[in-house]
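Note on naming: letters A, B, ... go to the chains in the order of the sequence lines (proteins, then strands), and numbering restarts at 1 for each one.
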2 protein chains.
Amino acid sequence: MHSYTEENYLKALFNLSADKGEVSANELSKQLGIKMPTVNSMMKKLSEKKLVHYESYKPLRLTEKGKREAGLIIRKHRLTEMFLVQKMGFGWEEVHEIAEQIEHLHSPNFFERMDALLGYPKIDPHGSPIPDKTGKMEWIKYEKLSSCKEGDTVRLAAVIHTTDDFLKFLNLRELSLGVKLKIKTVEKFDGSMTVSHNKKGSDTLSHIVCDRLLVEKL
Amino acid sequence: MHSYTEENYLKALFNLSADKGEVSANELSKQLGIKMPTVNSMMKKLSEKKLVHYESYKPLRLTEKGKREAGLIIRKHRLTEMFLVQKMGFGWEEVHEIAEQIEHLHSPNFFERMDALLGYPKIDPHGSPIPDKTGKMEWIKYEKLSSCKEGDTVRLAAVIHTTDDFLKFLNLRELSLGVKLKIKTVEKFDGSMTVSHNKKGSDTLSHIVCDRLLVEKL
DNA sequence: TAAATTTGTTAGATGACTCTAAGTTATTAC
DNA sequence: GTAATAACTTAGAGTCATCTAACAAATTTA
Ligand SMILES: [Mn+2]
Ligand SMILES: [Mn+2]
Ligand SMILES: [Mn+2]
Ligand SMILES: [Mn+2]
């Protein structure tokens, strides 16, 4: 088994290298709030454990084993978030901090039970895919709202870069997953959008907001 | 906040000193599976933090602050066990190990929510009292089944020294909390009892078993 | 009460994770 | 293409929780 600390490095590596497949020690250091020399020695350690490919002055890459282990931790994180929202009545803005702790519990039974009680969910409360029991994650390709055009009708499918503040902002506007949006206007000069949403009136969303909302075109 | 480790020392001190109000470093060492010198230095540390009264060669005593903090950890442990049984469908023999980990989570909201969903329970699945939000615990005085007499009718109220094995043993005999027992015979020479229980026939329970069952006389 | 045993303490070391300071290599800017 | 900057590595140290070995005090046994 890996330590709490090692698990956090693995998770950060997984999340940061999601697109390019590699990360710089620098990014990792910033993400974790841990100084470079510390990260450096942990990378050597994870390399010893065959979880990370480490070569001096080269970007970091998770091994297949590393990806699998990281996927399993993310699985626990996301199952937990789903459980907290669906079964314990928390808001989607409240669950991340709690899941950060619960993801490190060692109890296959506990997570099995959560999974079963939730009916084997495929996504978490923020629309992120839940890795399967082997640590594999199915990427669902959504579009950013910011890349949609006037007249498009879309369904809100996921949010990215979720912070409490951002999620509370969405709560206020009743923007939750599954909501249907019609794009009324797109401002040329700042990329802000006016969208109408269900029975409610219309809202104007800044480019920054639209960039963090993933949608499915209808 | 206290570390995971410190919390485990506090909890062990609380449980071991429940009756006499004090513990020897030796008992504590055995309970935790940690060698004496380690315990010794931790006691000095907890003494610095005003959680333990420490004097060389004297028994250890929790301070009022120490009792309160320990009570709060035990509260989290027992609320968790109750949640796992009542809301997640675990058996009473499965929950202790999981609760040992969850009791260390730092999230007032999480435990508040558990408490509310459970309807503010006063006892855990093994019949142990759940300390209140100030860490205070109401001791309920039950009798040991082993101290009851032929002809007594009692209700099973709690189990002590609960191990998985013992709880599974009780499961097989359908001995769960609340069950009504009538004491048919008590063997003089070994203290074993024959009890009849609800519709089911009667069971013979060894003295060791009877000594671990707490009952309420009816 | 003196000896033997148990319990508690001190000293010194280790591994895990973190840091700062000081170098080294790679990248970017001019 | 050199100089400046950024990224990375090495060296050395600190904290926390643990250990073993050796010694001291208290308790038990005879
Ligand atoms: Mn999260
Ligand atoms: Mn999430
Ligand atoms: Mn327990
Ligand atoms: Mn416990």
For atom CG of B:L28 and atom P of C:dT6, their distance in whole Å: 20 Å
Partners of A:D132 by side-chain hydrogen bond (donor to acceptor under 3.5 Å, both in side chains), sequence neighbours excluded? A:T134
May I have the distance from B:E48 (atom CD) to D:dT15 (atom P), rounded to whole angstrom? 14 Å
Salt bridge between B:K49 and B:E6, side-chain N to carboxylate O under 4.0 Å? yes
Hey, could you give me each pair passing ring pair (Phe, Tyr, Trp, His ring centres under 6.0 Å) that has a residue in residues 100-145 of chain A? Not counting sequence neighbours. A:Y4-A:H104
Specify the residues of residues 53-63 of chain B, ordered by number, for which at least one heavy atom lies under 4.0 angstrom from an atom of DNA chain C. B:Y54, B:S56, B:Y57
Pairs flagged by salt bridge (Lys or Arg N to Asp or Glu O under 4.0 Å) wherever residues 79-91 of chain A is involved - sequence neighbours left out: none
Between C1' on C:dA16 and CE on A:M1, what's the gap in Å once rounded to a whole number? 17 Å
Listed once per pair and sorted, the salt bridge (Lys or Arg N to Asp or Glu O under 4.0 Å) pairs that draw on residues 111-128 of chain A, sequence neighbours left out: A:R75-A:D115, A:R78-A:D124, A:E112-A:K133
Check the distance between C:dT27's P and A:E27's CD and give it to me in whole angstrom. 14 Å
List in chain and number order the residues that pass side-chain hydrogen bond (donor to acceptor under 3.5 Å, both in side chains) with A:S192, two or more places apart in sequence or in another chain; answer none if no residue qualifies. A:D190
Rounded to whole Å, CG of B:N26 lies from P of D:dT28 at a distance of 13 Å
For A:T185, give me all partners under side-chain hydrogen bond (donor to acceptor under 3.5 Å, both in side chains), at least two apart in sequence or on another chain. A:T194
Separation of atom CG in B:L46 from atom C1' in D:dC16, rounded to whole Å: 13 Å
Under the side chain to side chain contact (heavy atoms under 4.5 Å, CB included) test, which residues partner A:K149, sequence neighbours left out? A:D152
Quick test: give all pairs of protein nitrogen or oxygen and nucleotides 18-20 of chain D nitrogen or oxygen below 3.5 Å, distance rounded to 0.1 Å.
{"residue": "D:dT18", "atom": "OP2", "partner": "B:Y9", "partner atom": "OH", "Å": "3.2"}
{"residue": "D:dC19", "atom": "OP2", "partner": "B:K35", "partner atom": "N", "Å": "3.0"}
{"residue": "D:dC19", "atom": "OP2", "partner": "B:T38", "partner atom": "OG1", "Å": "2.9"}

